[in-house]
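The structure under discussion appears below in the form of structure tokens.
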Amino acid sequence: MKRILFVTGCLFTLFFAACTKELSDSNITPYTNHPLNDTIWVRTVANTAAVHELFDLFAPGLIIDSFSLTNGATLHYGDSLEIEIKPNSCVSNGIAGPTTGSARIEILQLKRKGDFIKFFKPTTTENGSLLETGGGLYIRISKEGKELSLATGSTIKVRFADIDPVKQNMQAFYGREGNPLPLKGIDTTFNWMRDTDSTWLPTWSKLSGNYSGYEMNSKNLRWISAERYVDSTQAKTKITAILSPNFTNKNTAVFAVFTNHKIIANLRGDYPSRSFNVNNIPLKASIKLVSLSYIGSDLYLGIKEISSVATVTSYKIEPEKKSLADILKYLNGL
């Protein structure tokens, strides 16, 4: 039976680093008996920091279904998502042979740029290379509360639609998660890693529903995506976001969202400069800097439009207090 619930678990990511120059706005506004008075940055952000609570607030809808492990299944969710699981292809760690009986499957779909922000899954690799994505999925299979994995040599076939025109040179990428995963909040070590099979993914289309997308035979469960590397020959630069001192690495996350491509990079909190920055942004790119903050019981959204990234790359963001509904509406429209 299919249901929609909310995600509870460690599914999201943010990265933090360090640089050298003091850049923060020096204009501090005092707020009586309010957490906005806390302007202290930290070298290491604890998993109890307010920024991690954005995970709970942005928790998106989760598809829950069931199927027979013995017989396998082909699961359809509208015309835009299909998942084919082969018979006897799932195993339980430490137990020899396939697991049988009925299993639970949980599915999350990343369609829009705002989804990658809500999930805290920027489209970047371990070394910070930018990726353009065609969308992705989170697939978790479990039996009696115990998570299962695919048997050696088995794959799960997925076909998912891209809301943008399909690209002919997308490749399979898997999410590399922290080990162990944090018990709460954002997985700060998450990044995307290309499959050893770097051939281009097949594309498909359905004229009846005007859908087109990608087909993957995934060797792994959990985070999978269709992505491609951004042109490495382009001149690139580092950009820096400056916010007022009330917005620190303990309560704020900042993302660079490309206007004309499905590319999302997160700006790392830099303790020495009290600012946020990211490398490898192509010159002349059209982007938006988006900041999300949780301070006390209030949410803040900051947006800085940059029509063409230039050699002067420090930009000031001025967040405004917003409702959760307003922020989600904005992210869903990216």
In the structure I gave you, are the side-chain heavy atoms of [X] and [Y] within less than 4.5 Å of one another anywhere?
X	Y	answer
N191	T124	no
L148	L69	yes
L130	T123	no
K219	D197	yes
L301	D326	no
Q109	F160	yes
R222	R140	yes
L81	L137	yes

Roughly how far, to the nearest 0.5 Å, is [atom2] of [Y] from [atom1] of [X]?
X	Y	atom1	atom2	answer
T233	K236	OG1	NZ	6.5 Å
I224	Y214	CD1	OH	14.0 Å
K304	I242	NZ	CD1	10.5 Å
L283	T237	CG	OG1	5.5 Å
D298	S323	CG	OG	11.0 Å
E227	D195	CD	CG	12.5 Å

Identify the two heavy atoms, one from [X] and one from [Y], that lie closest to each other, and give their separation to 0.1 Å.
X	Y	value
G114	L334	N-CB, 3.8 Å
S149	N93	OG-OD1, 3.6 Å
L150	C90	CD2-SG, 4.4 Å
A241	L267	CB-CD2, 3.7 Å
L201	A226	CD1-CB, 3.6 Å
V45	H52	CG1-NE2, 4.1 Å

- Item | Full working for salt bridge (charged side-chain N to carboxylate O under 4.0 Å, His left out) between K250 and D38 | CA-CA 10 Å; K250 294 183 299 186; D38 182 2; 2.7 Å; yes
- Query: W223 vs Y138 aromatic rings, parallel, tilted or perpendicular, using cut-offs 30° and 60°?
  - Reply: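 It falls in the tilted class, 30° to 60°.
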- According to the interplanar angle, ranging from 0 to 90°, do the rings of F247 and Y300 count as parallel (below 30°), tilted (30 to 60°) or perpendicular (above 60°)?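 Rings of F247 and Y300: perpendicular, as their planes differ by over 60°.
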- Task: Apply side chain to side chain contact (heavy atoms under 4.5 Å, CB included) to the pair V278 and R268, showing each step before the final yes or no.
- Result: CA-CA 6 Å; V278 64; R268 307 178 180 191; 6.0 Å; no
- Message: With side chain to side chain contact (heavy atoms under 4.5 Å, CB included) as the criterion, how do I141 and I85 come out once you've worked through the C-alpha distance, each side chain's angles and the decisive distance to 0.1 Å?
- Response: CA-CA 10 Å; I141 297 175; I85 306 162; 4.2 Å; yes
Return yes if some donor-acceptor pair links the side-chain N/O of [X] with the main-chain N/O of [Y] below 3.5 Å, else return no.
X	Y	result
N169	K167	no
N251	N246	yes
T39	P245	no
T155	N217	no
S142	G145	no

- Message: Could you walk me through whether L131 and V230 satisfy the side chain to side chain contact (heavy atoms under 4.5 Å, CB included) test, starting with their C-alpha distance in whole Å, then the side-chain angles of each, then the deciding distance to 0.1 Å, before giving a yes or no?
- Response: CA-CA 6 Å; L131 301 169; V230 174; 5.8 Å; no
Does the distance from a Lys or Arg side-chain N to an Asp or Glu carboxylate O, for [X] and [Y], drop under 4.0 Å?
X	Y	answer
K262	D162	yes
E84	R159	no
D115	K118	yes
E320	K322	yes

Establish, from distance only, whether the side-chain atoms of [X] and [Y] form a donor-acceptor pair under 3.5 Å.
X	Y	result
N127	T125	yes
T252	S293	yes
T133	S225	yes
S286	T259	yes
N277	S275	no

If two hydrophobic side chains count as joined below 4.5 Å and joins carry through other members, does [X] share a cluster with [Y]?
X	Y	answer
Y294	I303	yes
M170	W200	no
V91	Y174	no
V42	I186	yes
L221	M193	no

When you look at [atom1] of [X], are more than 12 heavy atoms from neighbouring residues, nucleotides or ligands closer to it than 6.0 Å?
X	atom1	value
K206	NZ	yes
K143	NZ	yes
N210	CG	no
K111	NZ	no

- Query: How is the hydrophobic cluster of Y211 composed, in terms of its other members, when Ile, Leu, Val, Met, Phe, Trp and Tyr link through side-chain heavy atoms under 4.5 Å apart, directly or indirectly?
  - Reply: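 In the cluster with Y211 are W204.
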- According to the ring-ring contact (aromatic ring centres under 6.0 Å, His included) rule, which pairs have a member within residues 312-334, sequence neighbours left out?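 Listed by first then second residue: nothing to list.
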- Task: Quick one: do T203 and Q168 satisfy side chain to side chain contact (heavy atoms under 4.5 Å, CB included)? Show the steps, please.
- Result: CA-CA 7 Å; T203 61; Q168 298 300 320; 3.9 Å; yes
- Item | Ring centres under 6.0 angstrom apart (F173, Y229) |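 Yes, close enough.
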